[in-house]
Amino acid sequence: MTQPQTVSPTDFIREIIDDDLKTNKNDGSVATRFPPEPNGYIHIGHAKSICLNFGIAAQYGGKCNLRMDDTDPSGESLEYVESIIIDIRWLGFDWEDRMYFASDYFEHLYKCAVQLIKAGRAYVCDLNADEIREYRGTFTEPGVESPYRNRNVDENLDLFERMRGGEFEDGTHVLRAKIDMTSPNIVMRDPVIYRIKRESHYRTGNKWVIYPMYDFAHCLSDAIEGITHSICTLEFENNRPLYDWIVEQLVEGARPKQIEFARLNLSYTVISKRVLIDLVEKKLVTGWNDPRMPTIAGMRRRGYTPEAIRNFCAQIGVAKNDNLIDMALLEHCVREDLNERTPRVMGILRPLRVVIDNYPEGQVETFECANHPQRPEMGTRELPFSRELYIEREDFNEDPPGKYKRLAPGREVRLRNSYVIKYESMVKDEKGEVIELHCTYDPATRNAPPPDGRKVKGVIHWVSAEHCVPAEVRLYDRLFRVQDPLSESEEFTKYLNPGSLEVLDNCRVESGLKGAQPGSRYQFERLGYFCVDPENSVPGSLVFNRIVPLRDTWGKISGKV
RNA sequence: UGGGGCGUCGUCAAGCGGUAAGACACAGGAUUUUGGUUCCUGCAUCCGGAGGUUCGAAUCCUCCCGCCCCAACCA
C-alpha cells in the first residue's frame, strides 16, 4: 500500500493498538476500514477519519479497506460511491483491491440473523414504529417487553423468511435482537436489526425487501473483513455494547474492537452530511463541489491541496474532547503548502490605469522575473513592460492614512520587478472617481535601488495594459458569519455569510497566464493563492478561484487606524 | 431525569505521581523589490471547583459543577 508521507502523531487510539500488539492480540496484525455511507459527498470531517484509518494501517504495516456502508437504500446512489472513490484517491490513499460493500454481505447477514433466531436471541415483532417507541420506555423508565417477544423459534424462522419473501407490508414486522428491555442503555432494549423496506437498492436492485440495520450490519461486516480496530466517532459509544453483543453471539475467533474518537468541527462552517445535503438541495451553494463547501470536492475545486488537508488532519490530533477547530489552522496549512510550491505571478483584481508619461510610446521591454523568491530552481519568466499599465486601485490613495506606503500624491513606489515610478497627476470622472494616474519612471531604478540612495518603501504589483489578459476572479470567504452555526437557536441558514462569494469580472493578469491550465495554482503576489477553476475556466475566458488570501498584516494595521 | 462520554493557554493538544511539550491565533522586533516568506522574543506558578491521600498531584481518592451523546424500522 502506498501512503503519503505525513507525520505520525501519537494518540490514544495508537496507544490502544500498541497495547494490543504487546499482548500479541490478533497475532500482531492491524486492519482498519473507512466505511462511508454513499448518501452524500465526503467532507473534511471524513478526511480526518480517512487519514486516521489509512494512516494507522500504513504505520503498523496493516491494511485499510474501503467499505460502502450501504444498508439503507434511501438516498444511496452510485454517483456518491464514485465521488467517494475519486475523493479518497485524490487525498492520496489506496485500498488496492479491497473495495467492499456491506450490500455484498446481505446474504451472509441474513444467515447470521437466522442463526440468531435459532439461538433464541432474535424475534420477529409485529409492533409498528410508534408502538415500538412506546414500549421502549424513556431515559428514566424501563421499557416493556413486546407481546411478540416470546414467539417460538420456528414461528420466528417462518415469519422472518416470509419477511424476506415480500409477504408483508413495510413497517408491519421487524426483526429484533432479544436483549434486555430494562437496560439503562436504550440501545440495548431489543434493538431492531432488520426492517422491511420496499425500495430499490442501487446495487442489489429489487432483490431484497428487508435490509439490516447499521448496528447489525456494521460489526458483522467488520468481522467478515477481519477488521481488528473499528474506529468510529463518539456518537457510537452508546452502541458499543450492542456491537460487542452481536459479535459475541455470531463471531467465532478474533473479534473486532470498536474505538471512538471525537469528530471534527470547523469554525465558520458546518460539517454534517445532513446539513450539507440541505445546502445543496436548497441551492444555497452551487453544488457539492462549490468552492465554499467543506467537502473534499469543494476544497479540491477551490484549489486546496491533498498535502495541505493531510497535514491539517495531522495537526488537529485525535482525542475524545468535543472540539471546534479554528478555520485559521486549515488556512495556515494551505498557505504553508502553497507558499512552497506555487509560482508567483501578478494579477490585478480592481484595475486602475497608469500612464508613464516619460516612457516612450510604443516601446516595450521585458523583465526576467523569478517565479519564486526563495526557490531559483522554479525558474524565471519574461514580463512585458510598456507605457500604460494597470495597478490595483487599493494601491493608490488620494489621502493616505499613516504608515501607508503605496502610491499617493507626491510619492514614489516601486513596481515589482521593474522601475520606481513617481506620482504626477490624476484624472477623475464626473463622479469624482479617480480613473487614471499619470506617473513618471526613473530609468536608473530598473531592477536596482535608486543610485542616489533614497529609500522607496512601497512595492506594488502591476500588469502591462497592452499585454495583460482579462480574467474573472472569484473571491471566497467563510460560508457562515458565526463560528458555530448549528449551535445557534435560529435556523442555520440565517447565519449564511452573504459575502461568501464575490465575483470580480474585470481583472487583468499577466500575459503568461493566457494558457493557464484548469486546476493550476499560482500566488498572485501581494494578494493570495489562486487556482484556475476546473469547471468554468476555458482558454480565452479565464476564471480564477481565490484559494486563500495572503496573511495581511497591513489589513490588520489599517483596520485599527 | 437513567445510561454513556468529556473537562489542561483564545482554539486544538501533549502530559500516564517528581514539579505544565508543541501547533494555530495573538503581541513585539529583525531581514525583505510580495505590508508575503524567513528569523528571533513574549504568551497557563497553573490544569472545571472543593476537599483528601502523598515528601511531592494536572496525574490517585471523594464530592460538587459544566458541556456533549442516546428514547429513527438513519448511520
Side-chain angles (χ1 to χ4, degrees), chain A residues 9-11 15 35-37 39 69-72 74-75 125 127-129 132-134 136-143 170-176 183-189 191-197 210-211 213-215 217-218 232-241 260 262 267 273-274 314-333 335-336 339-340 344 346 369 372-374 403-406 413-418 420 445 447-449 456-461 483 523-528 549-558:
Chain A
T10 190
D11 53 65
E15 276 177 15
E37 185 189 11
N39 66 346
D69 208 354
D70 52 359
T71 57
D72 177 4
S74 35
C125 182
L127 258 24
N128 64 38
I132 286 181
R133 189 181 335 107
E134 283 162 23
R136 189 153 34 218
T138 67
F139 290 147
T140 46
E141 307 152 37
D170 290 14
T172 57
H173 301 265
V174 292
L175 184 68
R176 294 227 253 168
S183 171
N185 182 353
I186 290 176
V187 171
M188 299 298 274
R189 319 238 262 229
V192 172
I193 56 177
Y194 261 93
R195 76 287 214 179
I196 303 172
K197 203 163 193 169
I210 58 172
Y211 293 96
M213 299 288 290
Y214 166 86
D215 286 306
H218 199 96
C232 64
T233 44
L234 246 30
E235 67 271 25
F236 291 103
E237 214 151 18
N238 294 316
N239 301 49
R240 192 169 68 228
E260 313 84 9
S267 63
K273 226 195 270 182
R274 186 206 106 225
Q315 297 289 321
I316 58 178
V318 179
K320 298 188 75 160
N321 303 332
D322 284 333
N323 60 76
L324 182 61
I325 307 287
D326 196 336
M327 180 65 95
L329 179 59
L330 212 207
E331 297 188 335
H332 163 80
C333 292
R335 287 192 190 103
E336 186 178 49
N339 176 50
E340 282 300 313
R344 263 110 256 229
M346 292 196 282
C369 307
H372 190 114
Q374 279 82 229
K403 292 186 183 170
Y404 186 85
K405 51 188 214 195
R406 284 110 96 147
V413 76
R414 165 132 243 146
L415 292 179
R416 169 119 246 237
N417 293 122
S418 67
V420 169
T445 59
N447 275 330
V456 178
K457 269 189 298 184
V459 179
I460 65 172
H461 54 102
Q483 284 207 50
Q523 184 198 97
F524 285 11
E525 290 202 74
R526 303 211 307 128
L527 297 175
L550 250 30
R551 276 189 62 218
D552 184 12
T553 311
W554 168 245
K556 278 174 198 159
I557 298 166
S558 63

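Source: prediction; values computed, not measured. In what follows, every chain begins at residue 1, and chains take the letters A, B, ... in the order their sequences are listed.
With a glycosidic angle no further than 90° from 0, B:rA72 counts as syn.
Using a 5.5 Å limit on the distance between ring centres and a 30° limit on the angle between planes, the aromatic ring of A:Tyr214 does not count as stacked on the six-membered base ring of B:rA75.
Considering only the side chain of A:Thr553, B:rG36 comes nearest among B:rC73, B:rU33, B:rG36. Side-chain proximity of A:Arg195 to the nucleotides B:rA75, B:rC69, B:rU33 is greatest for B:rA75. In the set B:rC12, B:rC74, B:rA25, B:rA25 carries the atom at the smallest distance from any side-chain atom of A:Ala328. Comparing B:rU1, B:rC74, B:rC69 by their closest approach to the side chain of A:Lys197 singles out B:rC74.
Put simply, A:Arg274 has no side-chain N or O that comes within less than 4.0 Å of OP1 or OP2 on B:rC74. Remark: A:Ser558 is not in phosphate contact with B:rG35, judged by side-chain N or O atoms under 4.0 Å from OP1 or OP2. Contact between the side-chain N/O atoms of A:Arg189 and the OP1/OP2 oxygens of B:rA72 is not found at any separation under 4.0 Å.
The partner of B:rA27 is B:rU41, judged by Watson-Crick or G-U wobble contacts that both fall below 3.5 Å.
Rounded to whole Å, atom C1' of B:rU11 lies 6 Å from atom CG of A:Asp326.
Using atom P as the reference point in both B:rA13 and B:rU53, the two lie 34 Å apart (nearest Å). To the nearest whole angstrom, the two P atoms, one in B:rU41 and one in B:rU33, are 24 Å apart. The C1' atoms of B:rG28 and B:rC16 are separated by 37 Å, rounded to the nearest whole Å.
Between the side chain of A:Asn238 and the base of B:rG3, a donor-acceptor pair under 3.5 Å is found. Below the 3.5 angstrom threshold, one finds a donor paired with an acceptor across the side chain of A:Arg406 and the base of B:rG35. For A:Gln315 against B:rC24, no side-chain N or O and base N or O form a donor-acceptor pair under 3.5 Å.
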